[in-house]
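All values reported here derive from a predicted model rather than from experimental measurement. In what follows, chains are A, B, ... by sequence order, proteins preceding strands, each numbered from 1.
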Amino acid sequence: DTGVSQDPRHKITKRGQNVTFRCDPISEHNRLYWYRQTLGQGPEFLTYFQNEAQLEKSRLLSDRFSAERPKGSFSTLEIQRTEQGDSAMYLCASRPIRSGNTIYFGEGSWLTVV
Amino acid sequence: KQEVTQIPAALSVPEGENLVLNCSFTDSAIYNLQWFRQDPGKGLTSLLLIQSSQREQTSGRLNASLDKSSGRSTLYIAASQPGDSATYLCAVNPGAASGGSYIPTFGRGTSLIVHP
């Protein structure tokens, strides 16, 4: 069990550029979550996948954000036309099929938009 | 909509003290509650998971209690050490009314500093 892996760990981009983050969940975890966290705040829910199906999206996920989970394995979160307000840590988490089990988080991907 | 509040927001104590961190939630129809630790710039590490049917869970110097009916959980840290310095977050997992998504809702966390 290698844990939830996120890449890149840090990304600095200019305003208006597109960025993509990747998450590799723990194998056989069918539930995958994306959260966003800013300094001094708790993680805020963005979107949720069960296998390859994106079942829930937060209103925080504007039309500039898109997430995919092809084949129900890894997931990508893309932000188009980045804005300074997008600067945050993007956290991915996964959970096995038994809902009562622990949710496991990756180390996060830090985004700084300059 | 579930709201999770953590008190205090920040805490600074000398080494050796016993601590109580509080978490309250507005909707008592929860599946379980989880406590996490987060070091600066890092992801979240799970500390304890309490199912809705349980009253408490213990791991080493940590003890978490749950009073579902009153919407409260506490994390007790015994004999605190400088290595315990971190932010502690609680997350509430919704029950069946969530439609099966079980999306955790987080509090803002308690930032703990234990000084030697």
Q: Would you kindly confirm whether B/L11 and B/Y76 end up in one hydrophobic cluster when ILVMFWY residues are joined by side chain heavy atoms under 4.5 Å apart?
A: no
Q: Could you look at B/Q38 and say if it's the side chain, the backbone, both or neither that has a heavy atom under 4.5 Å from chain A?
A: side chain
Q | Check: A/F45 ring centre within less than 6.0 Å of B/F106 ring centre | A | no
Q | Heavy atoms from other residues, nucleotides or ligands near CD of A/E52 exceed 12 (cutoff 6.0 Å) | A | yes
Q) Between B/P104 and A/Y33, is any pair of side-chain heavy atoms under 4.5 Å apart? A) yes
Q) Can you name the residues of residues 11-19 of chain A that have some heavy atom under 4.5 Å away from a heavy atom in chain B? A) none
Q) Hey, any chance B/Y88 and B/F25 share a hydrophobic cluster, counting ILVMFWY side chains that come within less than 4.5 Å of each other, even indirectly? A) yes
(Q) Would you compute the distance between atom CG of B/N32 and atom OG1 of A/T102 and round it to the nearest 0.5 angstrom? (A) 8.0 Å
Q: Give a yes or no on whether B/I30 and B/L49 share a hydrophobic cluster (residues Ile, Leu, Val, Met, Phe, Trp, Tyr; joining criterion: side-chain heavy atoms under 4.5 Å apart).
A: no
Q.
Assigning hydrophobic clusters by single linkage (Ile, Leu, Val, Met, Phe, Trp, Tyr; side-chain heavy-atom cutoff under 4.5 Å), is B/F36 placed with B/V20?
A. no
Q. At a heavy-atom separation under 4.5 Å, does A/I103 approach chain B through its side chain, its backbone, both, or neither?
A. both
Q.
Please check if the number of heavy atoms outside B/I113 that lie under 6.0 Å from its CD1 is greater than 12.
A. no
Q) Out of curiosity, A/R31 CZ to B/I103 CD1, how far, rounded to the nearest 0.5 Å? A) 10.0 Å
**Q.** Spatial distance of atom OG1 (B/T87) from atom CD (A/Q41) [nearest 0.5 Å]
**A.** 11.5 Å
Q: Would you mind checking which part of A/E44 comes under 4.5 Å of any heavy atom in chain B, side chain (CB onward), backbone (N, CA, C, O), both or neither?
A: neither
Q) chain A heavy atoms under 4.5 Å from B/L44: which part of the residue, side chain, backbone, both or neither? A) both
Q: Group every Ile, Leu, Val, Met, Phe, Trp and Tyr by side-chain heavy-atom contacts under 4.5 Å, then state whether A/L77 and A/F49 land in the same group.
A: yes
